[in-house]
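For reference, the structure is listed below as structure tokens.
Everything numeric here is computed off the predicted structure, so don't read it as measured data.
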Amino acid sequence: MSPYAAGRRSVHRSVAAGVPLALLAALTVAGTAVGAPSGEARVTGSATLGDIPLGTFSNALLPGTVGDDRGVDLGGIGSDIYPAGRKGEFWTVTDRGPNGQIKVAGEKRRTFPVPGFDPAIVRIRVSGGTVKVLDAIPITTSSGKPVTGLSNQKGRDEAPYSYNASTPLSYNPNGLDTEGIVRAEDGSFWLVDEYGPSLVHVSSRGKILTRYVPKGLGLTGADYRVVEALPAVLLHRKINRGFEGLAQLPGGDLVMAVQSPLSLPDTDAGEESLTTRLLRFSTKKRAVTAEYAYRFDPVNVVDPSEDDTSELKISSVVAVGRDRLLVEERTDKAARLQIVKLTRGADILGEKWDDDTTSPSLEQLDDPAASGVPVLRKRLVVDLGTVKGVPGKIEGVARVDHDTLALINDNDFGMTDGPEAFDAQGRLVDSGIETTVTYVRLPRGI
């Protein structure tokens, strides 16, 4: 344990099936229901992850990857949540690791305080008021090396810097900013990534099998198979707003959500747009087979305290039938869950909206439906912003049963932006925000 980690809880290491780990953490938070009038959605339980030093966690998986965790604990596992087949157990995935922004000479720099951190798939159990880590699988290259969470390409991704934004770090074409996760019948995993954006197929032991990226991306130097199989229009994804939501339909097809509108034809258009895209991917054909236009509600409808349209994001999509999805629209403070039906008539794949010279672009249309775009119809299931006890920044949603959802938040590893995120000794000044799994019961189900 780090000598700087006063008050940080100890963790235990064991070996299961030849893979180092099974890190257990417990913590405190009552798993009691939060009162709500009969007939309204309500929180029925809440559990929180305890303190696990990030260096201890990482080095148990891949020894020597983290020399100094700067006082950061394991967090960020709330990028997504997926049922693991046993009551109270879920698969989750970390994002790229602790990162923040510091402004230097008027420009924001992306910081990576623990650059050796390797994204991981984490299996958790929710029991009472505690979240326990049962197992974790590091995501590795074909040769078994850590992929890291570092930026991929100079000129396309943000330049990586040290914790205080003073020292440039090297780009890494293997790096992933992992978000959504599902598990296939054969035990392998599918993940989505924000950098490419990309769809990543990972073995049951965490080794990347294939990374599917947009046509024309030109990613070279990766130590795994890279296939340009996604529409080239995705090259216009907003920085840090690539794929975030991922769902697995009953037949095995995947649906990926672009977190925010594309920057087409420019950044301003993307910031002001209410239209983003969902893509359907056939795991049998290894190809995108459909694309859909998804329209956000106005930002002040999703979050009455927000007036900046660019704060709208899709963070989670969940299959709730053969062709139906639960879609989470959110800001960092509020979220609403909508049901959409994927129909053949709504498919826009290969149409002019995939041509980045089309003017006006899909993102520029004030009323896409009036312009002949078959926007997905949606129905509100629940406004989580009105449900007492739901934390902010919900990034993962899982369906537990017909009436119950499990939500998980992204606590950003306890980090905040700005130079005050670390003290004079370079140790984290923790935000105090914990990773929490929250159960919400819907009176009318889904």
Side-chain angles (χ1 to χ4, degrees), residues 2 4-5 8 51 53-55 58 65-79 94-119 146-179 193-195 237-242 244 259-260 263 267-268 270-271 306 308 310-311 313 315 331-333 392-393 395 409-435:
S2 166
Y4 305 97
R8 298 168 78 189
D51 296 339
L54 193 59
S58 297
T65 50
V66 173
D68 183 357
D69 64 15
R70 298 198 173 278
V72 179
D73 287 323
L74 174 66
I77 67 170
S79 286
T94 70
D95 60 16
R96 57 184 163 177
N99 68 93
Q101 287 186 316
I102 295 177
K103 188 172 288 188
V104 177
E107 294 186 1
K108 291 181 179 179
R109 290 182 175 179
R110 179 61 58 182
T111 63
F112 290 82
V114 190
F117 174 77
D118 189 53
V147 297
T148 80
L150 293 169
S151 307
N152 293 168
Q153 296 174 298
K154 185 177 181 179
R156 175 168 172 77
D157 301 317
E158 295 169 297
Y161 283 86
S162 59
Y163 82 99
N164 58 4
S166 64
T167 305
L169 301 175
S170 298
Y171 289 84
N172 185 349
N174 293 316
L176 295 175
D177 186 1
T178 43
E179 296 295 342
D193 149 78
E194 295 212 55
Y195 284 138
R237 64 97 175 96
K238 180 180 177 180
I239 290 178
N240 290 333
R241 301 284 183 89
E244 184 146 306
Q259 186 179 12
S260 294
S263 296
T267 299
D268 288 344
E271 298 281 84
E306 184 60 70
D308 184 354
S310 70
E311 290 298 312
K313 307 155 190 171
S315 277
T331 66
D332 281 353
K333 294 174 286 186
K393 206 174 184 185
E395 289 200 4
N409 69 315
D410 179 8
N411 81 326
D412 293 318
F413 292 84
M415 278 198 61
T416 56
D417 288 333
E420 64 278 3
F422 292 86
D423 64 20
Q425 287 72 47
R427 316 312 297 170
L428 178 71
V429 179
D430 198 285
S431 69
I433 299 173
E434 305 287 358
T435 298

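Between the T111 side chain and the G100 main chain, a donor and an acceptor come within less than 3.5 Å of each other. A donor-acceptor pair is defined here as one N or O able to donate and one able to accept, closer than 3.5 Å; such a pair exists between the side chain of S162 and the backbone of T167. One N or O on the side chain of N152 and one on the backbone of G175 form a donor-acceptor pair closer than 3.5 Å. With hydrogens and angles ignored, the 3.5 Å screen pairs no side-chain donor or acceptor of Q425 with any backbone N or O of R427. Between the side chain of D410 and the main chain of K393, no donor-acceptor pair closer than 3.5 Å is present. Between the T267 side chain and the S263 main chain, no donor and acceptor come within less than 3.5 Å of each other. Proximity of a side-chain donor or acceptor of T331 to a complementary backbone N or O of K333 within less than 3.5 Å is detected. With hydrogens and angles disregarded, a donor-acceptor distance shorter than 3.5 Å links the side chain of N172 to the backbone of V147. Between the side chain of N99 and the main chain of G97, a donor-acceptor pair closer than 3.5 Å is present. A donor-acceptor pair is defined here as one N or O able to donate and one able to accept, closer than 3.5 Å; such a pair exists between the side chain of E194 and the backbone of R241.
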Practice task
For the pair M415 and Y163, evaluate side-chain contact (heavy atoms from CB on, under 4.5 Å) and give the outcome as yes or no after the intermediate values.
Solution key: CA-CA 11 Å; M415 278 198 61; Y163 82 99; over 6 Å; no
Exercise for the section: Just do the side-chain contact (heavy atoms from CB on, under 4.5 Å) check on V72 and D430 with the steps written out, would you? Expected result: CA-CA 8 Å; V72 179; D430 198 285; over 6 Å; no
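Neither side chain, D193 nor T178, offers a donor N or O lying under 3.5 Å from an acceptor on the other. For the residue pair R96 / Y195, a side-chain donor-acceptor distance below 3.5 Å is found, with atom types taken as modelled. Looking at R109 and N164, their side chains never bring a donor and an acceptor atom within 3.5 Å of each other.
Across D412, L74, N411, a single residue satisfies side chain to side chain contact (heavy atoms under 4.5 Å, CB included) together with T435, and that is N411.
The shortest heavy-atom contact between Y161 and A159 is CD1-O, 3.5 Å. Here the shortest heavy-atom pairing between S151 and D157 reads CB-CB, 3.8 Å. Considering every non-hydrogen atom in both G75 and T94, the closest pair reads O-CG2, 4.4 Å. Summarising the geometry of P160 relative to S170, their closest heavy-atom pair is CG-O, 3.9 Å, with the distance given to 0.1 Å.
Applying the side-chain contact (heavy atoms from CB on, under 4.5 Å) rule to I239 yields the partners E158, R237; only residues at least two apart in sequence or on another chain are considered.
If you take NZ on K313 and OG on S310, they are separated by 8.5 Å, rounding to the nearest 0.5 Å. Rounded to the nearest 0.5 Å, atoms CG (N409) and CD1 (I433) are 8.0 Å apart. Remark: S79 OG to E179 CD distance equals 4.0 Å, nearest 0.5 Å. The distance from atom CD1 of I77 to atom CD of E395, rounded to the nearest 0.5 Å, is 12.0 Å. In this structure, CD on Q259 lies 5.0 Å from OG on S315, to the nearest 0.5 angstrom.
Applying the ring pair (Phe, Tyr, Trp, His ring centres under 6.0 Å) test to residues at least two apart or on different chains, the pairs with a partner in residues 97-117 are F117-F413.
The existence of a salt bridge linking D417 and K108 is excluded, since no basic side-chain nitrogen approaches an acidic carboxylate oxygen closer than 4.0 Å. Ionic pairing of K238 and E271 is present here: one or more N-O contacts between side-chain nitrogen and carboxylate oxygen are shorter than 4.0 angstrom.
Looking at R70 and L54, their side chains never come closer than 4.5 Å, going by heavy atoms from C-beta outward. Proximity of F422 to P113: side-chain heavy atoms (C-beta onward) are separated by under 4.5 Å at one or more points. Contact annotation: the side chain of L150 approaches that of L169 to within less than 4.5 Å [non-hydrogen atoms, C-beta and beyond].
Other residues, nucleotides and ligands place no more than 12 heavy atoms under 6.0 Å from the CD atom of E107.
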